Number of protein chains: 2
Amino acid sequence: MTASEKAYYSVHPKFHMAVDCIIFGFEDGELSLLLLKRNFEPAKGQWSLMGGFVEEGESVDDAARRIVAQLTGLTDIYMRQVKTYGNVDRDPGERVISSAYYALVDIKKYDHTLVQAHNAFWVKLPEVPHLIFDHDSMVADALRFMQYQASIKPVGMNLLPEEFTLTQLQTLYEAIFRESMDKRNFRKKIASMDYIEKTGKIDKTLSRKGAALYRFNPERFKENGQFKI
Amino acid sequence: MTASEKAYYSVHPKFHMAVDCIIFGFEDGELSLLLLKRNFEPAKGQWSLMGGFVEEGESVDDAARRIVAQLTGLTDIYMRQVKTYGNVDRDPGERVISSAYYALVDIKKYDHTLVQAHNAFWVKLPEVPHLIFDHDSMVADALRFMQYQASIKPVGMNLLPEEFTLTQLQTLYEAIFRESMDKRNFRKKIASMDYIEKTGKIDKTLSRKGAALYRFNPERFKENGQFKI
DNA sequence: TTAATAAGTGTTCCAATTACACTTTTCTTT
DNA sequence: AAAGAAAAGTGTAATTGGAACACTTATTAA
């Protein structure tokens, strides 16, 4: 790099860069968020999203993955960037620019020890308390974006176990869109998606009759898949 | 701020923060982008988006507005954040994190002197050359996002003069979605939007018969407006 | 054996979208 | 003054996709 090139960058300020993660789970027919009841400064005692700073040599996407893994122990999680929040005073401590990411996790699979260590809790969406800084906006934006994504791409299944019943799948989408759906119409739609396939197994934990278990087949979807719900 | 709070921030690195702007215009039935043929380092001689660094005391949104104003002289422009690009090596000179914003401008109204001074040119979308760094991805993402926004909100009019004919409006949407539309169906749809109102004036520049001029009424839209195209 | 519980299954109706072609107005040219 | 050119403007029928709707089946527990 030449001297003039170096000057091109160095005359400009640098900023702390953070990520904040909106971690969605699904349980008892409701979406939940994994939130911290902060037992550390700043804003000790208040509720917040799980967040952290981007480190040297780490991409912002990688930072988001690291932050989710730190709290849940989970890697290979479905995550999407929501938006970057760059208001000067958004963090009252010092200037920090933050990118929000949402994550969809199977609520049965997280590392309980890590979550406890961070003093984190799953909170059902309707009961989410006021969060610090601009985290309320982040949650609102993430929810909206996730709903849109879930309506055009088969990403909702990331909130379910590998194998799921159609009843589970329907209650999931009812929770995502906060509206009840017609069972027959819903099943008709799913039946038209050949990438949601029967495993042949039957789940008898929820009904005497037993319900067929399905699984999402990503290869089949990549080939010719359409999704709209 | 206490010492421990200060430490909370200061152990973490800081980064250059930039914005890059995808500036859309509309002319001759085609979308265009305002691009720089760089006559300065780095990447002198190559094509790029208009960009710049976020400065101290300036929000990221404000930086984006400033950058667009610097090039076009235009303020109060419709702009939306697209996405933040945070790969470590995205700028080969030094690490820079960049938020992309798209802007919709009336291509008749920009400041020609400023544009010339920056060696910038309007390039029709199908003829956009390869751009530096990850700017090609930024353009692709911005176009997709803009198309989505334009399909659910009446933002396309930002690319037209205050007053426009229905033929202009239709060719605009045909350019945005890269598909031809049926004239009668299109006009039927627009007629159902009472916030797109006749001005009473007639434009005779494009036809012997003359075409009615319309205008977007934002107040009417706010009240009860629905938009879907 | 029967009572309880969730799983599973088709058809009709309605609304929204799509397809489709000619007339009108005005100016220019001859 | 008549004819031709060019874009503006206008309505209906057909199709499609989405919405509404209720009973039967399988199984286990009482």
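Residue numbers start from 1 in every chain, and the chains themselves are labelled A, B, ... in the order their sequence lines are given, proteins ahead of strands. Since we're looking at a predicted model, the values are computed, not measured.
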In whole Å, what is the span from the CZ atom of F177(A) to the P atom of dA19(D)? 13 Å
Between CG of N185(A) and P of dT9(C) the distance, given in whole Å, is 14 Å
Validate the cation-pi geometry between K188(B) and F186(B): distance from NZ or CZ to the six-membered ring centre under 6.0 Å, angle to the ring axis within 45°. no
Taking any heavy-atom pair under 4.0 Å as a contact, classify K228(A): base, sugar-phosphate, or nothing. sugar-phosphate
Nearest-Å distance for atom pair CZ/C1', residues R208(B) and dT24(C): 14 Å
Determine whether M79(B) and C21(B) make a side-chain contact, defined as any pair of heavy atoms from C-beta on separated by less than 4.5 Å. yes
Would you classify L206(B) as touching base, sugar-phosphate or nothing, given that sugar-phosphate means primed atoms plus P, OP1 and OP2, and contacts are heavy atoms under 4.0 Å? sugar-phosphate
When you measure from the centre of the six-membered ring of Y85(A), is the NZ or CZ of K83(A) under 6.0 Å away and within 45° of the axis? yes
Between dA19(D) atom C1' and I229(A) atom CD1, what is the distance in whole Å? 15 Å
Let me know, please, whether A211(A) or K188(A) comes out on the 5' side of the other along DNA chain C by nearest nucleotide. A211(A)
Between E179(B) (CD) and dA19(C) (P), how many Å, whole number? 11 Å
Answer with base, sugar-phosphate or nothing: what part of the nucleic acid does K183(A) contact at a heavy-atom distance below 4.0 Å? base
Is it the case that more than 12 heavy atoms not belonging to K37(A) sit under 6.0 Å from its NZ atom? no
With a 4.0 Å limit, can you tell me whether R187(B) has a side-chain N or O closer than that to the phosphate oxygens OP1/OP2 of dT10(D)? no
Check the distance between dA7(C)'s P and Y214(A)'s OH and give it to me in whole angstrom. 12 Å
Can you tell me the distance, in whole Å, between the CD1 atom of I202(A) and the P atom of dT28(D)? 11 Å
Expressed as a whole number of angstroms, how long is the span from D182(A):CG to dG8(C):P? 15 Å
For the ring pair F227(A) and F221(A), is the centre-to-centre distance below 6.0 Å? no
Please tell me if T167(B) has a side-chain N or O lying less than 4.0 Å from either OP1 or OP2 of dA8(D). yes
dT23(C) OP1/OP2 closer than 4.0 Å to side-chain N/O of K209(B): no
